[in-house]
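None of the values given here were measured: they were computed from a predicted structure.
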Amino acid sequence: MTQDSTPSDPERSSERDSSSGSSLHRQAVVTVVLLSLFAVQPAAAQTNAVCSADNLPSMIEGFFQLTTALGIVGLAIVWQADSLIEMFTLNPEQKKGLKRHKRSAMKSAVVLVVLGPLYTVAGSMMGLPLAQCVDLVPW
């Protein structure tokens with residue numbers, strides 16, 4: 001009798017663990033849903049807090065334009081430095097690494113330039129409050 005119960009004990013304990021894990025998961029989901037219903041309501045009511053501030057939208061736009069300009073200048077510096085290092089590199093593996101670095105820098109710059117207009121267009125379509133009063137197009 002004890003031998004029969006011994007192999008099933010780990011199975012039962014794993015079933016208990018999985019059932020307690022699913023109940024914990026369910027409680028977490030219910031808690032998140034309740035918090036989102038009651039705690040987000042006051043935050044959603046403040047949709048015009050950023051837009052109603054005096055200089056905040058222009059400060060956000062200026063910060064975005066400054067960071068975009070710094071990102072483009074950083075891309076130019078990295079690109080030129082990698083090209084200079086590539087001229088003095090003889091090892092093909094190092095040249096491949098430099099080309100990979102230049103490509104990743106270019107991808108980052110493209111994301112940086114595209115992200116602002118994309119947020120402006122998508123945010124206004126989705127009705128996001130920040131997109132209604134802040135223009136994140138860097139030019």
Please say yes or no: joined through hydrophobic side-chain contacts below 4.5 Å, possibly via intermediate residues, are Val134 and Met59 part of one cluster? no
Within one Ile-Leu-Val-Met-Phe-Trp-Tyr cluster: Leu128 and Leu56, side-chain cutoff 4.5 Å: yes
Can you tell if the side chain of Leu130 reaches within under 4.5 Å of the side chain of Ile60, non-hydrogen atoms only?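 Result yes, sub-4.5 Å side-chain heavy-atom pair found.
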Residue pair Ser58 / Asn55, side-chain heavy-atom distance below 4.5 Å: yes
For [X] and [Y], work out which heavy atoms get closest and say how close.
X      : Y      : result
Val113 : Ile72  : CG2-CD1, 3.8 Å
Leu84  : Phe88  : O-CD1, 3.2 Å
Pro129 : Cys51  : O-SG, 3.5 Å
Gln94  : Thr89  : OE1-CG2, 3.1 Å
Leu112 : Gly71  : CD2-CA, 3.5 Å
Phe64  : Leu136 : CE2-O, 2.8 Å

Atom CE of Met126: over 12 foreign heavy atoms under 6.0 Å: no
Please identify each residue that fulfils side chain to side chain donor-acceptor pair (under 3.5 Å) with Ser83, with sequence neighbours left out. Lys102
If you round to the nearest 0.5 Å, how far is CE of Met87 from CG of Leu98? 12.5 Å
Gap separating the NZ atom of Lys96 from the CD atom of Glu86, nearest 0.5 angstrom: 12.5 Å
Sort and list the pairs that fulfil side-chain hydrogen bond (donor to acceptor under 3.5 Å, both in side chains) and have at least one residue in residues 68-82, not counting sequence neighbours. Asp82-His101
Taking salt bridge (charged side-chain N to carboxylate O under 4.0 Å, His left out) as the cut-off, I'd like each qualifying pair that reaches into residues 110-123, sequence neighbours left out, listed once.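 Salt bridge (charged side-chain N to carboxylate O under 4.0 Å, His left out) check on residues 110-123 returns no pairs.
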